[in-house]
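Sequence lines set the chain letters: A, B, ... in the order given, protein chains first and strands last, and positions in each chain run from 1.
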Amino acid sequence: MSLIRIPAARMDKALGELGWRVMAPSGSGRKGKYVEVGAGGRLPRECGDHTKPAAPPKSIIFPNNELMLAYELGVKGEIAVKEADHSMGMTVLYGTPPCDTASFHVLDSALLGDIPEPGYAKKRESFGVIGMACSRQDRYCLCTSVGRSPRSTEGADLMVYPDGDDLVVRKLSGRLEKLWAKLEQGASRVSEDELKALEIEFDFRVENFPFDAGRLAGTLRKGFDSPYWKEFSERCVSCGICTFLCPTCHCFDISDAAADELNGRRVRTWDTCQFPEFTGETSAHNPRKEKWARQRQRVLHKFLYHFQNQGHMMCTGCGRCIRYCPVDINIAEGVMKLGGMK
Amino acid sequence: MRDYRSESAELRRVCADLLDRDAVQCIVAWTEGEDRPRVRETLIEKGRADLIQKIVWSPFCTTSNITFLKKNKAALAGRKLGLVVKDCDLAALNVLLQEHFIKREDVVTIGARCDGLAEADQFPRPQGADFPITSDAEGVSVGQERRRWEDFGFTACTTCAYDYMRPDHLIGEYGRKKGVPEWKHLARVLAQGPDGRREHYAPIFDACIRCYACREVCPVCACVECAIDPGERAITPRTAPAEKACAPQWASRERRLSENAVYLLTRTMHMAGRCIRCGWCERSCPVGLPLMELLDLSYDAAKRIYGYEAGRDPAAPPFLASYAEADPDDEGAGH
């Protein structure tokens with residue numbers, strides 16, 4: 001059986017005993033963040049008691065600024081290269097809403113594929129996600145429009161369903177075995193039927209944007225040459241908000257930062273398809289010179305290309321790109337218009 | 001009390017009239033989007049009665065049609081353009097006129113009197129298409145929902161002093177007394193000396209994620225190439241490889257305190273006499289950085305030391321490109 005009921009305090013205690021670094025959403029909106037819950041700190045008791053932090057959790061294992069190597073040129077011309085150590089102490093994310101939880105499934109599919117990304121792969125080894133079923137929606141949520149739900153377990157190693165002072169916990173992978181062993185001791189078993197009764201609270205459709213992304217993929221493909229892209233992106237300012245705040249956007253740039261003539265660092269930083277030079281070539285050719293082409297890339301990557309390649313939507317429905325867009329560009333509205341629903 | 005439904009109706013009449021009699025070829029206006037009461041900048045051509053019907057003016061017009069102009073300059077070139085603006089947008093236009101970004105005779109301004117801006121996200125989405133938006137000296141109401149001006153935390157708005165703008169066509173009357181630019185936050189920081197200031201600003205620099213939204217939304221950040229992150233570097237097929245390879249890199253792409261500081265401080269310096277305190281950068285910042293605490297440093301310096309008020313006079317020479325005998329020397333200007 002992989003379904004148990006525990007007093008919520010036991011989770012705090014078990015995580016405290018393991019000494020892992022625990023990160024949890026704290027605060028809301030622009031001031032919100034995933035922060036470390038220090039010793040004695042209180043874990044969130046329910047999901048949706050605040051707006052999601054603007055900053056997505058991806059930065060924990062996919063940082064905006066990651067050292068790849070440092071180099072040093074010796075006096076005789078020899079070059080010493082020191083590769084960065086990507087190892088990380090055991091870290092768990094606790095109480096993530098299903099949209100942010102699912103983001104790690106999406107990131108895994110992109111960064112742990114045929115050619116694993118070394119920094120991400122290394123950190124992923126000592127990283128687990130404890131998702132929490134969500135009971136509230138805000139005005140930009142769209143998880144049920146992208147094939148997910150307030151109770152989906154995608155990306156979770158453990159899933160937690162708050163029930164008063166108790167938690168019902170489901171085990172979904174062997175990644176957090178040590179924690180599970182502690183929680184399981186003396187815990188009462190819960191049947192699937194009991195969970196179903198509890199799940200009613202987390203079983204709702206988010207009605208902000210009534211569409212089903214999976215069904216629209218075919219129509220989106222036909223919309224590649226649609227004149228609508230220009231209208232959609234007319235007021236776009238080409239900043240990086242939609243993609244940097246996206247929990248699944250994972251494009252990066254690699255550049256060398258010279259400290260002086262003899263020393264330097266190679267770093268990996270977030271990059272975005274919305275920056276004009278993202279696809280700039282040294283010949284001066286730029287296949288996505290126009291902002292409508294860049295917005296088309298963002299929308300179709302999320303709702304078509306990734307879906308075709310991986311079988312799941314790249315958008316997890318968190319709504320950040322819509323809420324924080326300075327000029328009210330709304331990806332859901334765009335998908336619905338192109339899908340012929342509006 | 002101001003009723004933005006009737007002011008919007010008046011604005012629609014003015015815009016329709018300008019297009020009808022060919023006084024302008026197209027208009028950039030705020031229109032109602034899908035996410036009421038949020039609004040969006042829209043380019044409206046003659047004959048688009050459907051879009052004219054959607055034109056609105058309200059405290060939710062937090063964006064800038066001048067930025068739209070900046071971002072779509074090539075597409076709009078050579079056309080007589082109507083611009084719906086609020087007070088700070090007019091000041092931004094004045095900066096662009098000073099720098100010959102656009103010719104005065106090419107634009108017609110339709111100005112709305114602004115009492116301050118409000119954040120749509122702080123209101124529940126109103127039901128139905130017809131809901132009143134009103135404001136008075138204390139706050140803003142959407143239907144039955146009410147918020148105070150201070151609730152939005154828009155420092156640029158609560159200290160806005162624009163009451164002298166003269167657009168070509170005017171909509172509405174002020175419904176509250178304008179503020180005065182207050183520098184309490186700056187006085188606190190400046191009193192601390194270099195170490196205290198470093199301590200104050202370091203966390204701000206450190207938290208920057210370099211999405212460049214502050215630069216992109218800024219109506220007067222209009223350089224073709226940004227010195228810090230040349231995202232639109234003017235490379236042509238004729239640009240020599242050496243020129244591409246040797247372009248100066250003032251800040252690396254690393255997202256760390258030192259590099260972020262170079263970006264934000266360079267922007268601050270370059271904004272002296274140009275930042276018109278619209279505050280859109282601060283409103284946009286996805287990580288909530290108090291950017292006005294930086295930009296007000298240069299606004300304050302230009303005004304206090306050189307008596308130069310950004311965006312006030314379109315005929316004045318640009319601040320950073322002018323010199324007068326009476327200017328104080330470095331010693332007199334020093335902080």
Pairwise side-chain contact, A:Glu234 with B:Val28, heavy-atom cut-off 4.5 Å (strictly under):
no

Would you say the side chain of A:Tyr140 lies within less than 4.5 Å of the side chain of B:Arg125, judging by non-hydrogen atoms?
yes

Within 6.0 angstrom of A:Glu83 CD, more than 12 heavy atoms from elsewhere
no

For B:Pro286 versus A:Leu245, what's the shortest heavy-atom pair and its separation?
CB-CD1, 3.7 Å

Checking A:Arg320 against chain B: side chain, backbone, both or neither under 4.5 Å from a heavy atom?
neither

I'd like to check the ring-ring contact (aromatic ring centres under 6.0 Å, His included) partners of A:Phe232; sequence neighbours left out, ordered by chain and number.
A:Tyr228

Other residues, nucleotides, ligands: >12 heavy atoms within 6.0 Å of A:Glu281 CD
yes

NZ of B:Lys71 to OG of A:Ser233: how many Å apart, nearest 0.5 Å?
12.0 Å

Checking B:Cys214 against chain A: side chain, backbone, both or neither under 4.5 Å from a heavy atom?
neither

Cut-off 4.5 Å, heavy atoms of chain B, and the answer for A:Asp256 is backbone

Hey, are B:Arg48 and A:Glu231 close enough for a salt bridge, meaning a charged N less than 4.0 Å from a carboxylate O?
no

Any carboxylate oxygen within less than 4.0 angstrom of a Lys/Arg side-chain nitrogen, looking at A:Glu277 and B:Arg253?
yes

Comparing A:Asn286, A:Asp253, A:Thr272, A:Asp271 against chain B, the one with the most heavy-atom pairs below 4.5 Å turns out to be A:Asp253

Proximal component of B:Thr42, with respect to chain A [non-hydrogen, under 4.5 Å]
both

Chain A contact via B:Pro241 - which portion, at a heavy-atom distance below 4.5 Å:
neither

By a 4.5 Å heavy-atom criterion (distance strictly below it), what part of A:Lys291 contacts chain B: side chain, backbone, both, or neither?
side chain

Looking at B:Thr63, B:Thr67, B:Asp121, which one has more heavy-atom pairs under 4.5 Å with chain A than the rest?
B:Asp121

Is there side-chain contact between A:Val327 and B:Phe68, with heavy atoms separated by less than 4.5 Å?
no

What distance do A:Phe275 atom CZ and B:Cys211 atom SG have between them, rounded to the nearest 0.5 Å?
7.0 Å

Taking the side chain as every heavy atom from C-beta outward, state whether B:Arg256 and A:Val267 have any pair of such atoms under 4.5 Å apart.
no

Gap separating the OG1 atom of A:Thr269 from the CZ atom of B:Arg210, nearest 0.5 angstrom:
8.0 Å

Do A:Arg139 side-chain atoms and B:Phe123 backbone N/O form a donor-acceptor pair below 3.5 Å?
yes

Can A:Arg30 and B:Glu119 be said to form a salt bridge (Lys or Arg N to Asp or Glu O under 4.0 Å), step by step?
CA-CA 13 Å; A:Arg30 293 182 163 88; B:Glu119 192 174 31; 3.4 Å; yes

Can you confirm whether more than 12 heavy atoms, excluding those of A:Lys230, are under 6.0 Å from its NZ atom?
no

To the nearest 0.5 Å, what is the distance between CE (A:Met336) and CD (B:Glu34)?
8.0 Å

Over 12 non-hydrogen atoms of neighbours within 6.0 angstrom of NZ in B:Lys46:
yes

If you take all heavy atoms of B:Ser284 and A:Ile241, which pair is closest and at what distance?
O-CD1, 3.4 Å

Take atom NZ in B:Lys70; do more than 12 heavy atoms of anything else shown fall under 6.0 Å from it?
yes

Closest heavy-atom pair and its distance - A:Ala257, B:Glu254:
CB-OE1, 3.2 Å

Donor-acceptor contact present, side-chain B:Arg255 to main-chain A:Asn65, <3.5 Å
no

